[in-house]
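Lettering follows sequence order; numbering is per chain, from 1.
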2 protein chains.
Amino acid sequence: MRNLQSLVAGSWQVGTGEPQTLVNPTTEEVVAYTSAEGLDLEATVSFARNEGGPALRALTLAERGAILEQMAKRIHEHRNELLELAMINGGNTRSDAKFDVDGAAGALAHYATIGKELGDTRVIVDGDGEQVGQSPRLSGRHVYLPRKGVALLINAFNFPAWGFGEKAACALLAGMPVICKPATSTAVVAARMLELIADAAPPGVVSLVSGSAHDLPKLLGYGDAIAFTGSSGTAQRLRALPNVMSAAVRLNIEADSLNAAVLGPDLEPGSDTWELFLRDLRREMTQKTGQKCTATRRIFVPEDRAEVLIEALVDRLGTVIVGDPFTEGVRMGPVASAQQHRDVLDGIGQLAENCDVVLDGRPAGGKLELKGAEVGKGYFVGPTLLQVAHDAPSKVHDLEVFGPVATIVTTPGTPEVYGQLLARGGGGLVGSVYSDDRKFAAAMLMEAAPHHGRLVFGSKKVAEKAFSPGMVLPQLLHGGPGRAGGGEELGGMRGLAIYAQRTAIQADRALIDAMLKA
Amino acid sequence: MRNLQSLVAGSWQVGTGEPQTLVNPTTEEVVAYTSAEGLDLEATVSFARNEGGPALRALTLAERGAILEQMAKRIHEHRNELLELAMINGGNTRSDAKFDVDGAAGALAHYATIGKELGDTRVIVDGDGEQVGQSPRLSGRHVYLPRKGVALLINAFNFPAWGFGEKAACALLAGMPVICKPATSTAVVAARMLELIADAAPPGVVSLVSGSAHDLPKLLGYGDAIAFTGSSGTAQRLRALPNVMSAAVRLNIEADSLNAAVLGPDLEPGSDTWELFLRDLRREMTQKTGQKCTATRRIFVPEDRAEVLIEALVDRLGTVIVGDPFTEGVRMGPVASAQQHRDVLDGIGQLAENCDVVLDGRPAGGKLELKGAEVGKGYFVGPTLLQVAHDAPSKVHDLEVFGPVATIVTTPGTPEVYGQLLARGGGGLVGSVYSDDRKFAAAMLMEAAPHHGRLVFGSKKVAEKAFSPGMVLPQLLHGGPGRAGGGEELGGMRGLAIYAQRTAIQADRALIDAMLKA
């Protein structure tokens, strides 16, 4: 039984008091416990701010990149151990666990490369210099320098490894020390990963708080940043904190998202792009048991394609064997916790008030078959597909059910109606459009892009090699407007902005050049 | 007597009920009145959203730029009328009024040029395309498209013309319809300016609400944006609005700022850069009667330079003739309102609890001389200079006195101490550093930049032509971290980000190229 440690003011400690228990969602057995009670959170913040920050800012971008490279290497060296922990504590299949753990190493390695390219400097230059005013000597230039505080990284339960990796990569390269607060229910992977990598950086650069720590965000102030992934309810509480508001603490939020996949009216069943659409839907519904903020929740299709699509998709989903991730052949595990299980079943019930249930994965439905596990034990729910007409009342545009659940919405198939339906999602992380008609694709760009942080076009030319839309890439922005929180993570250099202050420098041109070389 | 109109849902209207009165701060005479009571604010928002937005988004960036050009032209054509209104309702000298009115036209013209350069497209591309994954066909690109809502522009009393111009230029070019809410006390200029320019754009693209309209921000939701300049108290109320938080309404805030000017220890009295320092201090303290969010409030100097600096600066400030802006020779008018007058006098009193008053411009001090006006009438306060040691307790780092008031802080003159003092301001819009020592300047870049949105270096090479640091340029960012609100306006293309959604596009490279040409 593990008692998860925290890395507090430079030393590994365990909390006191009644611990929280972490379980294996397949078996409901307790696998670890942890507590943040008794940890000196103030000392954690001030140690990070006063020791970690100066040490990290003294390093060049290349040196910070080398730390990230070292972290990626250590994760890779302990890959099997981490994958197994993710399977035990997260209900991940091995493939799901790789998506998380390799994703963490990949994000760190990507930003390690960016650091190397930025090289032997501490200043990030933004854009070209330009003359301001009449004299050619008067010049302006924009630079980024690290905020002189701490970055609190609050991660969601579904990606204990990648959630830390993608945020920490950007924060550390930008020059901010990080305090990692993983979601408690799946913290085993995060805690072990941080044990492995924390001392790759100077003391205070990486801290960890395991367990509930509601007071932690209240300790932040001017110069600090919070990068949060989780529910919009918690996001609202963070936004409303007086210390966050009054000091304009930089707050980046990734919250709920009703990601939609749009089928172009031009696509014939059986075409390469149609097959890509099906492949992506199956993956997005079932990978990580649908517990991805980028998973497809809404499937918009022309009315005359609905029947054939449903038949094909139900077929594909039928091949997904649900059960104990450690059992051979299992392709989808349980959701991560009892609370998630209750929420998903409740959410399906709410959707079913107005939508037809085409495929029912609920244990109570009697059709859920498990391999290596028994219905009634563990937090299992099978792939669940619903259907509703675009103009019928439903909760499909408002309620994010965070499991292997999606709803087919039948439509006239026009860009205008698709645009209206996308807008009803109130802002999302990723949309996807499947079509081989460039005119339709161009119309969808204008309709869909303003509602999304990322927009993926599936077409025959990329049908074989395209990534599924839920796959977040470090080169491209991750975030979205409105309901999705309005944040911007990753996207190469763009992801550093959360953790740095952009400043316009106005001076004699030769002086600017000299300062930027220093 | 003017009764200020509002432009509401496409028609010019006056409010009902008891109006608010607007005065001439030199004479305290009422010069206009206005009311927002009875105006249909919901219709204003929905007309802008449903009529103005689609009409504006249908235009190319070049066409939007042409609208801005037309607006700049109309302001210029009515320049004398607008200048006179600013002198009457704002207490501006003619030179102050030009700073505001020409600044508005200049910002609009600058973004008109950017629109022309962006040309015949509706999509703004951000950065280069790059391969994602193994296949060279799989490509990623970032674009900006307008948010599909309205931009509420809430402006401060000190820049009724420029405050609208700099925000509207960015919003309109980005493709968002604007609703202008000027500060009531000085709204005469804004209202007249909008009468002149609103119909340069399609109906609903520009709206105006004159008078108090506290409910207006409550009407916004998903897809909308608020650009606010004003007090941090009002900013906090905007941040805390449930509709703003839950829909992640894009909120850009420019609030308080304790801008500092730093004197390098290398500068000898009488040198070119020393003279530039004095010239800038005088301008920043007295231009617009110190009512600029970018005005210098804190003057950091080495201890051994304090005496000679004070003597020279008091001399310079002595040449600033205070009085009725319409009287020949007057260089500084009153502050803008009775409330501002009370606040400034109260603020000087609070600073004086711990600081020495070196030059006392308070009417009660008995040394205030006015030209064309009498002490006791009008909202006058003369240039006021205080002094305190860097390690003495004082409110100089916390209290922004929004008038012709600054405090000299004596220091050891090291970058480290300067950095600590800058940090105590809690984030500012603009800092300035005066030195001919490049090593000192480079050290100050690292110390000062993270605390500022803009950093101005004064040196002998630019001493003759440099802009005073309070001058905001459309090419360079305007905004600052922490106390200053965390916003980012202007800065060329950077200023459009408030009003647009950045989206990563992931597709077949040829498809991306085709869509971006469309």
Side-chain angles (χ1 to χ4, degrees), chain A residues 122 130 132-135 137-138 140 142-143 145-148 222-223 236 239-240 245-248 250 423 426-427 438 441-442 445-446 449-450 452-457 459 461-462 465-467 473 475-477 481-482 485-486 488 491 501-508 510-511 514-515 518, chain B residues 130 132-135 137-138 140 142-143 145-148 222-223 236 239-240 245-248 250 253 423 426-427 438 441-442 445-446 449-450 452-457 459 461-462 465-467 473 475-477 481-482 485-486 488 491 501-508 510-511 514-515 518:
Chain A
R122 290 171 189 82
E130 55 182 313
V132 292
Q134 304 296 320
S135 163
R137 279 188 179 169
L138 279 176
H142 292 81
V143 301
L145 282 172
R147 297 176 193 275
K148 293 190 167 183
Y222 169 60
Q236 254 51 297
R239 287 188 208 275
M245 290 203 293
S246 68
R250 183 70 166 84
R438 284 192 176 178
L445 171 69
M446 304 305 282
H452 295 94
R454 190 161 53 90
L455 192 58
V456 180
F457 290 86
S459 59
K461 286 207 178 160
V462 293
K465 307 219 169 180
F467 298 109
L473 297 160
Q475 301 95 322
L476 301 183
L477 273 182
E488 286 194 336
Q501 172 64 31
R502 183 154 61 174
T503 306
I505 307 296
Q506 194 178 334
D508 166 30
L511 175 61
M515 288 193 297
Chain B
E130 55 182 313
V132 292
Q134 303 295 321
S135 163
R137 281 187 177 169
L138 279 177
H142 291 82
V143 301
L145 281 172
R147 296 176 193 276
K148 293 191 165 181
Y222 169 60
Q236 252 53 295
R239 287 189 207 274
M245 291 204 292
S246 68
R250 183 70 165 86
I253 287 175
R438 284 191 176 179
L445 172 68
M446 304 305 282
H452 294 95
R454 191 162 52 92
L455 192 57
V456 180
F457 290 86
S459 59
K461 287 209 177 159
V462 294
K465 307 219 169 180
F467 299 107
L473 298 159
Q475 302 94 322
L476 302 183
L477 272 183
E488 285 195 338
Q501 171 63 32
R502 181 154 61 174
T503 306
I505 307 297
Q506 194 179 333
D508 166 30
L511 175 61
M515 288 193 296

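The part of B/E130 that comes within reach of chain A is its side chain, from C-beta onward, which places non-hydrogen atoms under 4.5 angstrom from that chain. Of the atoms belonging to A/A423, it is backbone heavy atoms, and not side-chain ones, that fall under 4.5 Å from chain B. A/L473 touches chain B through its side chain: at least one heavy atom from C-beta onward sits under 4.5 Å away, while N, CA, C and O do not. Interface remark: A/F457 contributes backbone and side-chain atoms alike to the contact with chain B (heavy atom separation under 4.5 Å). Looking at A/S459, only its side chain comes within 4.5 Å of chain B, counting heavy atoms on both sides. Only the backbone of A/A247 comes within contact range of chain B, with at least one heavy atom under 4.5 Å from a heavy atom of that chain.
To the nearest 0.5 Å, atom NZ of residue A/K148 and atom CE of residue B/M446 are 8.0 Å apart. Expressed to the nearest 0.5 Å, how far CD of A/Q506 lies from CG of B/L476 amounts to 5.5 Å.
A donor-acceptor pair is defined here as one N or O able to donate and one able to accept, closer than 3.5 Å; such a pair exists between the side chain of B/R137 and the backbone of A/K461. Counting only distance, with no hydrogens or angles, the side chain of A/Q501 and the backbone of B/H452 share a donor-acceptor pair below 3.5 Å.
Contact count against chain A (heavy-atom pairs under 4.5 Å) is highest for B/T503 among B/T503, B/L511, B/L445. When each of A/G140, A/S135, A/P481 is checked for heavy-atom pairs under 4.5 Å with chain B, A/P481 comes out on top. In terms of heavy-atom pairs under 4.5 Å with chain B, the best-connected choice from A/G133, A/A510, A/G453, A/A466 is A/G453. For the options A/S246, A/G486, A/G491, heavy-atom pairs under 4.5 Å to chain B are most numerous at A/S246. Residue with the most contacts toward chain A among B/R454, B/H142, B/R438: B/H142 (heavy-atom pairs, distance under 4.5 Å). With respect to chain B, the highest number of heavy-atom pairs below 4.5 Å among A/V456, A/L455, A/V462, A/L145 belongs to A/L455. Comparing B/G485, B/G482, B/A240 by how many heavy-atom pairs each has under 4.5 Å with chain A, the most go to B/G482. In terms of heavy-atom pairs under 4.5 Å with chain A, the best-connected choice from B/G427, B/P450, B/A507 is B/P450. When the candidates B/I253, B/I505, B/V143 are compared by the number of heavy-atom contacts under 4.5 Å with chain A, B/I505 comes out ahead.
Smallest separation of non-hydrogen atoms from A/M245 and B/R239: O-NE, 3.4 Å.
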